[in-house]
Number of protein chains: 2
Amino acid sequence: MSTLADHIEAHIKRMLRSSQTNSVELSRAQMADDFSCVPSQINYVLSTRFTLERGYIVESRRGGGGYIRVGHVQVDNSYTHAISLLQSIGSELDDKQMENILAHLKDRHVISSGELQLIRGIVQQEVGGMSQGKNVLRASLVRSLLFFIMESRS
Amino acid sequence: MSTLADHIEAHIKRMLRSSQTNSVELSRAQMADDFSCVPSQINYVLSTRFTLERGYIVESRRGGGGYIRVGHVQVDNSYTHAISLLQSIGSELDDKQMENILAHLKDRHVISSGELQLIRGIVQQEVGGMSQGKNVLRASLVRSLLFFIMESRS
DNA sequence: CTTTCTTTGACTATTACTGACCTTAGCTTT
DNA sequence: AAAGCTAAGGTCAGTAATAGTCAAAGAAAG
């Protein structure tokens, strides 16, 4: 955690955790002021870190009394959810999609930080030198590895 | 220990040993500067010495505040270990991959130095005169031998 | 002498951050 | 109402800061 974006991300997540409702409302201008940055930096953080794929919903309103609301989607059974997430992996999976899924599963404590890194490492190694079909291999690898980890839990 | 790459390798391993968390974060540019070499030299060292097969996980981020993190995988977790081994021994295994795996296992005291040589010897003997399918045989042989050794320990 | 390993550098890719300009909602004044 | 003002937030493209890739040259080993 060292860039401004990382700090802002962490701060929003902290707010979310301490909120009863799994959602927080914030003022873009206020926040930018708190972190001494331009307002659009907040949009940058929201659009790169709080995506739907990672389980967040962002709503906003402009004009007087405008706001940004960030919600964390709760799913009661994280394993069920994880499995359906896995099944939604099609025959191809690009790197960014993979990262989002892994980040999401880690957020929900379905996988640990070490497991995340390991999966990333394995995929990187296997996919590495390929010129074609990376996304196909990545999809199948990620699916198998996650199934394997989840199997060994239940 | 005499090439630059060796020194860089040793340095990273020193950092790892003195770290509490089994992982260190470094700046590629900074490191290149410290060793007075081009940045890509760092990539060379990482990709030849800190591979998954040897038990290392390398992550990185580009852009502002970018970094390279090198982690040393703990083998205390049996499925983690199983995954990385199964993954690294595919249906084929060349000599270099085998050496990497053996070096890793010896490093972690899963096999002794004598067992390493024994495996090497057996494989050499069996694979020796073959003209085709060496890598296939090697893969299955090493898998079985390691399986045998690990079974006999637990 | 051939093969493998090391080192380098030019080119590429990714991420963070900023600022100028645009859009929307509510309120106030005619 | 309609027009205009004010107070939000949104977009996008450009710049800077990092890291990655690849091929070729050089060095070392067999």
Side-chain angles (χ1 to χ4, degrees), chain A residues 1-12 24-51 54 57-70 94-100 103 120-121 123-125 127-132 134-135, chain B residues 1-12 24-51 54 57-71 94-100 103:
Chain A
M1 286 296 184
S2 86
T3 67
L4 215 207
D6 290 332
H7 286 117
I8 296 174
E9 174 188 9
H11 185 245
I12 295 176
V24 287
E25 197 170 302
L26 47 92
S27 141
R28 188 179 80 143
Q30 182 57 56
M31 194 124 201
D33 214 57
D34 292 347
F35 285 94
S36 306
C37 61
V38 293
S40 56
Q41 175 75 351
I42 308 302
N43 297 89
Y44 173 71
V45 173
L46 290 172
S47 64
T48 54
R49 275 103 157 141
F50 294 86
T51 65
R54 295 189 181 191
I57 289 177
V58 179
E59 311 169 82
S60 65
R61 210 169 70 186
R62 309 186 184 190
Y67 59 83
I68 297 178
R69 186 153 40 209
V70 181
D94 70 26
D95 202 59
K96 207 153 286 178
Q97 292 173 309
M98 179 185 81
E99 286 300 329
N100 281 331
R120 187 149 51 199
V123 170
Q124 214 168 354
Q125 181 156 67
V127 162
M130 299 181 70
S131 57
Q132 294 186 324
K134 287 186 178 195
N135 292 347
Chain B
M1 284 297 183
S2 81
T3 68
L4 214 208
D6 290 332
H7 285 117
I8 296 174
E9 174 188 9
H11 184 245
I12 295 175
V24 287
E25 197 171 302
L26 47 94
S27 141
R28 188 180 79 142
Q30 182 58 56
M31 195 122 201
D33 214 57
D34 293 347
F35 284 94
S36 306
C37 60
V38 293
S40 56
Q41 175 75 349
I42 308 303
N43 296 87
Y44 173 71
V45 173
L46 290 172
S47 64
T48 54
R49 276 101 157 143
F50 294 86
T51 65
R54 296 189 180 186
I57 288 178
V58 178
E59 304 173 86
S60 65
R61 206 164 74 180
R62 306 188 187 186
Y67 58 80
I68 297 178
R69 187 150 42 208
V70 181
D94 68 25
D95 205 69
K96 200 155 297 176
Q97 292 172 311
M98 180 184 80
E99 287 301 331
N100 280 334

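Naming convention: chains lettered A, B, ... in sequence-line order (proteins, then strands); numbering from 1 in each chain. Quick caveat, the model's predicted, so the values are computed rather than measured. Computation of the quantities below employed the complete heavy-atom set of this structure, encompassing side-chain atoms and omitting hydrogens, waters and symmetry-equivalent molecules.
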Pairing residues for [X] by the salt bridge (Lys or Arg N to Asp or Glu O under 4.0 Å) criterion, not counting sequence neighbours:
{"X": "B/Arg28", "answer": "none"}
{"X": "A/Arg54", "answer": "none"}
{"X": "B/Asp95", "answer": "B/Arg138"}

Requested in this report: Could you tell me whether A/Gly63 contacts a base, only the sugar-phosphate backbone, or nothing, with contacts defined as non-hydrogen atoms closer than 4.0 Å?
Outcome: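 Base contact.
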Requested in this report: May I ask you to say what A/Gly66 touches in the nucleic acid, namely base, sugar-phosphate or nothing, with a heavy-atom cut-off under 4.0 Å?
Outcome: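 The residue A/Gly66 makes sugar-phosphate contact but no base contact.
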Requested in this report: For B/Tyr67 and for A/Arg61, locate the closest nucleotide of DNA chain D by heavy-atom distance; then report the residue assigned to the nucleotide nearer the 5' terminus.
Outcome: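 Its nearest nucleotide lies further toward 5', so the answer is A/Arg61.
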Requested in this report: Please find the earliest and latest nucleotides of DNA chain C, in the 5' to 3' direction, that have an atom within less than 4.0 Å of any heavy atom of chain A.
Outcome: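 Using the under 4.0 Å cut-off, the span is C/dT15 to C/dG26.
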Rounded distance in Å - [atom1] ([X]) to [atom2] ([N]):
{"X": "A/Asp95", "N": "D/dG20", "atom1": "CG", "atom2": "P", "result": "13 Å"}
{"X": "A/Arg69", "N": "D/dA8", "atom1": "CZ", "atom2": "P", "result": "17 Å"}
{"X": "A/Asp33", "N": "D/dA7", "atom1": "CG", "atom2": "C1'", "result": "15 Å"}
{"X": "A/Arg62", "N": "D/dG9", "atom1": "CZ", "atom2": "C1'", "result": "6 Å"}
{"X": "B/Arg28", "N": "D/dG20", "atom1": "CZ", "atom2": "C1'", "result": "6 Å"}

Report task. Search all heavy atoms of A/Ser2 against all heavy atoms of B/Gly65 and return the closest pair with its distance. Result ->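 Scanning both residues, the minimum pair turns out to be OG-O, 4.3 Å.
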Query raised in the report: For A/Val70 and A/Phe50, which heavy atoms make the closest approach, and how far apart are they?
Result: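 Answer, listing the atom of A/Val70 first, then A/Phe50: CG1-CD2, 4.0 Å.
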Query - Closest-nucleotide ordering on DNA chain C, the 5'-leading residue of A/Leu4 and A/Gly64 - result: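 That would be A/Leu4.
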Report task. Could you pick out which residue, B/Lys96 or A/Ala5, lies toward the 5' side of DNA chain C when each is mapped onto its nearest nucleotide? Result ->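 Upstream on the strand: B/Lys96.
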Quick one: which protein N/O atoms are closer than 3.5 Å to N/O atoms of nucleotides 25-27 of chain D? Pair and distance per line, please.
none

Query raised in the report: Partners of A/Glu25 by side-chain hydrogen bond (donor to acceptor under 3.5 Å, both in side chains), sequence neighbours excluded?
Result: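 Per chain and number, A/Glu25 pairs via side-chain hydrogen bond (donor to acceptor under 3.5 Å, both in side chains) with A/Arg69.
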**Report entry** Any donor-acceptor N/O pair, B/Thr3 side chain to B/Asp6 backbone, under 3.5 Å
**Finding:**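 Looks like yes, one N/O pair under 3.5 Å.
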Requested in this report: Only counting residues at least two apart or in another chain, list the ones meeting side-chain contact (heavy atoms from CB on, under 4.5 Å) with A/Ser60.
Outcome: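 Checked A/Ser60 against side-chain contact (heavy atoms from CB on, under 4.5 Å); matches are A/Ile68.
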Requested in this report: For B/Leu4, check side-chain contact (heavy atoms from CB on, under 4.5 Å) against everything at least two apart and list the hits.
Outcome: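 Partners of B/Leu4 under the side-chain contact (heavy atoms from CB on, under 4.5 Å) test: B/Ile8, B/Phe35, B/Cys37, B/Gln41.
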Query raised in the report: Which residues pass the ring-ring contact (aromatic ring centres under 6.0 Å, His included) test with B/Tyr44, sequence neighbours left out?
Result: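 Per chain and number, B/Tyr44 pairs via ring-ring contact (aromatic ring centres under 6.0 Å, His included) with no residue.
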Requested in this report: Starting from the C-alpha separation in whole Å, work towards a yes-or-no answer on side chain to side chain contact (heavy atoms under 4.5 Å, CB included) for B/Ile12 and B/Arg49.
Outcome: CA-CA 10 Å; B/Ile12 295 175; B/Arg49 276 101 157 143; over 6 Å; no
Query raised in the report: Heavy atom of residues 38-50 of chain A under 4.0 Å from DNA chain C: which residues?
Result: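 Those residues whose heavy atoms fall under 4.0 Å from DNA chain C, taken from residues 38-50 of chain A in numerical order, are A/Val38, A/Ser40, A/Gln41, A/Tyr44, A/Arg49.
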